[in-house]
2 protein chains.
Amino acid sequence: MAEVAEDFSSRKDAETTQGKAGEASPKSQERRERILDAAEELFATSGFDGVTLRQIAKLAGVDVALTSYYFGPKLQLFDAVLKRRGEILNRARLDALRSAEAESAPNPPSIERVIEAFLRPLEIAQESEDRGWRNYCALIAYVNNSPVWGKKMIGKHFDKLVREFTAAMQRCFPEAPARDIFWCYHNLSGALSLTFADTGRIDILSENACQSHDFKSAYDRMIPFMAAGFREICGGH
Amino acid sequence: MAEVAEDFSSRKDAETTQGKAGEASPKSQERRERILDAAEELFATSGFDGVTLRQIAKLAGVDVALTSYYFGPKLQLFDAVLKRRGEILNRARLDALRSAEAESAPNPPSIERVIEAFLRPLEIAQESEDRGWRNYCALIAYVNNSPVWGKKMIGKHFDKLVREFTAAMQRCFPEAPARDIFWCYHNLSGALSLTFADTGRIDILSENACQSHDFKSAYDRMIPFMAAGFREICGGH
DNA sequence: TTGACACTTCAACAAGCGTTGAATCTAATC
DNA sequence: GATTAGATTCAACGCTTGTTGAAGTGTCAA
């Protein structure tokens, strides 16, 4: 079992040194990215403890020592992977939420629009030609459902965003108790995680009527499904 | 990364030898259970690769070698943990489904009743004084969301049951395309997994308005929530 | 040309891993 | 009491792990 450290240290003081010498050479920058890509892919399928730095280095086509040189201890590499795309994604989702709210102002948007803002940026990322986003989402699924990583890591990278969305959901149902809002969000979050995980299980169960990597089909149904659930629980009657 | 072996072998031919000499001594039987309990707990929180046999043995209060003696390789111990409670649970859920169907015959039961049959046996298990069931459910959450274990292990232990339930759901909505039924089941399964995982995240997000181990509250809301979702997607108009 | 410095490789480290052979213990059977 | 066989312990195996110090390479500035 890996312990979750509070702070990280690396061989060189990555952030600062990088900036001091102007910018990193394009060659080394590309290697950094390749390490992150490889780590992303392997962590996503096998988890933190199921992957060795040597496997990551091999997939990235670099020496093992380079992983430590660039990112410090294994845990810090893990954190760097989570951070890289997290910031981009969170901005896209927040922008989508802001648009939805602006559109309906001064009234709150429909719950469908809020859920859509939460999901669609993922779909765009996942359907892109770059496999990296799919790996990243699968990694999030792993972390989100893990008792060990869930609190520390997901909280660290996603709490701010999630609070924006739960607040928006609350505005959709101003009379609903916060408890209900959070349990409904919980249902959405869980279904989303399983979709991310892309386990291929729905393919087998449905005898290929559904494909687990068909994210568009998943979200097309998930949005009205979850909206109906929210209304049932939070709609109040 | 661990490979998922097709078949398992142990030092002694566990099943058969056990039976031959009449029954195992109560002392050794108790130790077997303690090993399974410890493995269940640790696997649930840290995953297959995040736990060592030495940690399991220590928690169980036995020698490391005993884990191999009783269960063979690590992977077979993992499988034994999944099997132990899986059979009990699946029977309870199937019984609940059969009761619901008998009650409404010759009509199909409401989707609420089907979902209830899927969830409530878990609640009973999880709310019992024995922490073992909670650990087991958390382990299922881990396995269900894992691309590596999801297909092999969950399929092996749960496919038969899940097919019973998806078939029952289809009978609730005979006009709905199978595709829709399976995506709806997928949403239910994902939300359930996250509940199992008991990550404590909802506690933090909701500032303790919700507790992640309050399974009754979770299911009380999950049943109408998911039923409304099913109706929205599969209800047809 | 020389120096400096980021980058990269190589080899090794101590620690821990899953697993197993051999020895010892325990308890029931003859 | 001797025999037998399962249960248990102990010590060790070969191997892999994350990490690092030291040496080497490349490149740009002085």
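Below, chain A is the first sequence line, B the second, and so on; all start at residue 1. Predicted model, so just to flag it, every value in this text is computed and none were measured.
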side-chain N/O A:R32 vs C:dA6 OP1/OP2, d < 4.0 Å: no
Starting from P on D:dT16, measure out to NZ on A:K58 and report it in whole angstrom. 12 Å
Counting heavy atoms from C-beta on, name the nucleotide in C:dT20, D:dT19, C:dT9 closest to the side chain of A:S68. D:dT19
Specify the separation, in whole Å, of atom CD of B:Q55 and atom P of C:dG18. 8 Å
Calculate the interatomic distance between B:F43 atom CZ and C:dG18 atom C1'; express it in whole Å. 12 Å
Please tell me if A:Y69 has a side-chain N or O lying less than 4.0 Å from either OP1 or OP2 of C:dT8. no
Which whole-number value in Å describes the distance from B:K74 NZ to C:dG16 P? 15 Å
Taking the six-membered ring of B:F71, is NZ or CZ of B:R32 closer than 6.0 Å to its centre and within 45° of its axis? yes
For A:E40, the option from A:R84, A:R34, A:R131 that meets salt bridge (Lys or Arg N to Asp or Glu O under 4.0 Å): A:R84
Nearest-Å distance, CZ (A:F48) to P (D:dT17)? 14 Å
Return no unless some side-chain N or O of A:Y70 is found under 4.0 Å from OP1 or OP2 of C:dT8. yes
Specify the separation, in whole Å, of atom CG of A:D63 and atom P of D:dA23. 17 Å
Output yes when at least one side-chain N/O atom of B:R31 is less than 4.0 Å from OP1 or OP2 of D:dT8, else no. yes
Separation of D:dT9 atom P from B:I35 atom CD1, nearest Å, is 10 Å
Measure the acute angle between the ring planes of B:Y142 and B:F78, then classify it against the limits of 30° and 60° as parallel, tilted or perpendicular. perpendicular
Atom pair distance, as rounded to whole Å: CZ in A:F78 and C1' in D:dT19: 19 Å
Under 4.0 Å between a side-chain N/O of A:T52 and OP1 or OP2 of D:dT17, yes or no? yes
Any donor-acceptor N/O pair under 3.5 Å between C:dG18 base and B:R54 side chain: yes
Kindly give the atom pairs (protein nitrogen or oxygen, nucleotide nitrogen or oxygen) under 3.5 Å for nucleotides 23-25 of chain C.
none

Are side-chain N/O atoms of A:D79 and A:H157 paired as donor and acceptor at under 3.5 Å? yes
Once you round to the nearest 0.5 Å, how far does OG of B:S189 lie from CG of B:L194? 11.5 Å
Result block: side-chain N/O donor-acceptor pairs under 3.5 angstrom for residues 181-188 of chain B, not counting sequence neighbours:
unit_1, atom_1, unit_2, atom_2, d
B:H186, NE2, A:T195, OG1, 2.8

So, OP1 or OP2 of C:dC7: does either fall under 4.0 Å of a side-chain N or O from A:S28? yes
If only side-chain N and O atoms count, and only distance matters, is there a donor-acceptor pair under 3.5 Å linking B:E41 with B:Y136? no
